[in-house]
**Student:** 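My structure is below; once you've seen it, I'll send some questions.
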Protein chains: 2
Amino acid sequence: MDLFLSTFEHRVDKKGRLSVPAPFRSVLERRRDPLYLFKSLTEPCLEGCGPERIGQIVDAIDSMDSLSAEVATLQTMLSSAQEMKLDSEGRIMLNADFMAFAELNDAALYAGIGRSFQIWLPDRYRGREAEARARAKTNGLPSLRLGRTNSTSSDNGGS
Amino acid sequence: MDLFLSTFEHRVDKKGRLSVPAPFRSVLERRRDPLYLFKSLTEPCLEGCGPERIGQIVDAIDSMDSLSAEVATLQTMLSSAQEMKLDSEGRIMLNADFMAFAELNDAALYAGIGRSFQIWLPDRYRGREAEARARAKTNGLPSLRLGRTNSTSSDNGGS
DNA sequence: TGGGATAATATGGGATATCATGGGAATTGA
DNA sequence: TCAATTCCCATGATATCCCATATTATCCCA
């Protein structure tokens, strides 16, 4: 199982080019997957993933009532999605819409979150991370009790 | 079942390299597991584990409401997680973020805690250990509830 | 049981490969 | 033709590989 993990901060040069982190590239290359980006529905960042996630959204729409508000929401995701072509150095070009949506200027932060990743304005991301850590300290960690596999009386993964 | 146990103090050289204790390495090699590190959510240390714990977090996210604060917390864990590649001498390279988070400089202490381990600034770890022992003397031991093999309804092991 | 031989381990340094990044030239499209 | 992209190459920084060495642990045989 290869995942998008860790964070990387890269520069956006004056031509608008942005390197995709080498570990993310190798995940995609290993699967021979193109890269898709779309605007997050809930946060001011871009989401990156491979085709399987796009396919999941399409399938979800097909299985839902086409008049529901949820379908409209999912369609919004798809209509902002774009297949990104990498240049020979592994960089993508962000169009003006993407740049404005995430409020990027000369730097971008990739945050791997497993099956997908996000692209943030670096300072904004770090603020969110600090908030999440503060919350975890006061509220405790989410319980990860998945009950499957060899879950014994293991204590939390954090701490 | 082989576990991460005991403590080891190793040097961080000027290139940022840190030997993984041989007993920890052999646990991972025996399971053919890569090593993952991430920043603890609650303490100033790094956490080390195998892929199964990372997979649990990914699966938990998928099964939760993507707008919840808990998902944000779990995503914070993933976005600090990193698959560590060992060099031919069994060392990892700690990036600047990891070093700064745990406030490491030229030495690091591994503390095995069963299914995972932690990496601490040595003096800080020893201080915490002394505190824990003092607490045990005044408050008594936590009940250990031994003798239950793989309980199904495992209660919160979290202390 | 003792003690020398042997292997494993932690650590360091130099050489090499990879990566992010920038810039110029060629190409495309309106 | 002009502007914007795409291709290609250069470069500095950094990670990775490979080898050396000191120290410690393990083995083996007298």
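Below, chains carry the letters A, B, ... as their sequence lines are ordered, and counting in each starts from 1. Since the structure is predicted, the reported quantities are computational estimates derived from the model, not experimental observations.
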**Student:** Which distance, rounded to the nearest 0.5 Å, do you find between the CG of B:L41 and the CZ of B:F38?
**Tutor:**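 Here the rounded value is 7.5 Å.
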**Student:** Just the rounded figure in Å: distance from C1' of C:dC19 to CZ of A:R25.
**Tutor:**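 Roughly 7 Å, once rounded to whole Å.
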**Student:** My understanding is that only residues two or more places apart in sequence, or in another chain, count here; which of them pass side chain to side chain donor-acceptor pair (under 3.5 Å) with B:R30?
**Tutor:**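 For B:R30 the side chain to side chain donor-acceptor pair (under 3.5 Å) partners, ignoring immediate neighbours, are B:D2.
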**Student:** About how many Å separate CD1 of B:I119 and CG of B:L37, when rounded to the nearest 0.5 Å?
**Tutor:**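 Spacing of CG (B:L37) from CD1 (B:I119) equals 5.0 Å.
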**Student:** Between B:E70 and A:N139, do the side chains contain a donor N or O and an acceptor N or O under 3.5 Å apart?
**Tutor:**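 Not at all, the side chains of A:N139 and B:E70 share no donor-acceptor pair under 3.5 Å.
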**Student:** Assign a letter to each nucleotide of nucleotides 15-26 of chain D from its 5' end: B, base within under 4.0 Å of a protein heavy atom; S, sugar-phosphate only; -, no contact.
**Tutor:** SBBBB-------
**Student:** How many Å lie between CZ on A:R11 and C1' on C:dC19, as a whole number?
**Tutor:**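 Checked: the CZ to C1' distance equals 16 Å.
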**Student:** Whole angstrom is fine here: how far is it from NZ in A:K14 over to C1' in D:dA3?
**Tutor:**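 Computing the A:K14:NZ to D:dA3:C1' distance gives 17 Å.
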**Student:** Using the salt bridge (Lys or Arg N to Asp or Glu O under 4.0 Å) rule, take A:R53 and A:E47 through it: C-alpha gap first, then chi angles, then the decisive distance, then the call.
**Tutor:** CA-CA 11 Å; A:R53 194 151 201 99; A:E47 304 250 354; 5.8 Å; no
**Student:** Which of residues 111-123 of chain A sit near DNA chain D, with a heavy atom under 4.0 Å from it?
**Tutor:**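 The stretch gives none, as no residue of it lies under 4.0 Å from the strand.
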**Student:** Which residues pass the salt bridge (charged side-chain N to carboxylate O under 4.0 Å, His left out) test with A:E89, not counting sequence neighbours?
**Tutor:**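 With neighbours one apart ignored, the set is A:R91.
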**Student:** Can you measure from CG (A:L46) to CE (A:M99) and round to the nearest 0.5 angstrom?
**Tutor:**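 Rounded to the nearest 0.5 Å, the CG-CE separation comes to 9.5 Å.
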**Student:** C:dA10 C1' sits how many Å from B:L109 CG, rounded?
**Tutor:**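 From B:L109 CG to C:dA10 C1': 15 Å.
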**Student:** Rounding to a whole Å, what distance do you find between A:L94:CG and C:dT21:C1'?
**Tutor:**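 It works out to 15 Å between those atoms.
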**Student:** Quantify the bending of the helix from C:dT1-D:dA30 to C:dA30-D:dT1 as the angle between its end axes, each fitted on five pairs, to 10°.
**Tutor:**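 Here the helix ends are tilted 40° relative to one another.
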**Student:** State whether B:R31 and B:E52 are salt-bridged, where the test is any N-O pair (Lys NZ or Arg NE/NH1/NH2 against Asp/Glu carboxylate O) under 4.0 Å.
**Tutor:**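 Judged by the 4.0 Å cut-off on N to carboxylate O distance, B:R31 and B:E52 do not form a salt bridge.
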**Student:** Using a heavy-atom cut-off of under 4.0 Å over every strand shown, decide if B:V20 touches base, sugar-phosphate, or nothing.
**Tutor:**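 The answer is sugar-phosphate, as B:V20 gets under 4.0 Å only of primed atoms, P, OP1 or OP2.
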**Student:** Please report, rounded to the nearest Å, how far the C1' atom of D:dT5 is from the CE atom of A:M84.
**Tutor:**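 Distance, rounded to whole Å: 13 Å.
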**Student:** Tell me the closest heavy-atom pair linking B:F24 and B:S6, and the distance in Å.
**Tutor:**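 Nearest heavy atoms, B:F24 then B:S6: CZ-O, 4.1 Å.
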**Student:** First locate atom CD of A:Q82, then atom CG of A:L94, and finally report the distance between them rounded to the nearest 0.5 Å.
**Tutor:**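 If we round to the nearest 0.5 Å, A:Q82:CD and A:L94:CG are 9.0 Å apart.
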**Student:** Can you pull out every side-chain hydrogen bond (donor to acceptor under 3.5 Å, both in side chains) where at least one residue sits in residues 98-115 of chain A? Sequence neighbours excluded, please.
**Tutor:**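 side-chain hydrogen bond (donor to acceptor under 3.5 Å, both in side chains) check on residues 98-115 of chain A returns A:E103-A:R124, A:R115-B:D59, A:R115-B:D62.
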**Student:** For the pair made of CG in A:L18 and C1' in C:dA20, what is the distance, rounded to whole Å?
**Tutor:**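 Distance, rounded to whole Å: 11 Å.
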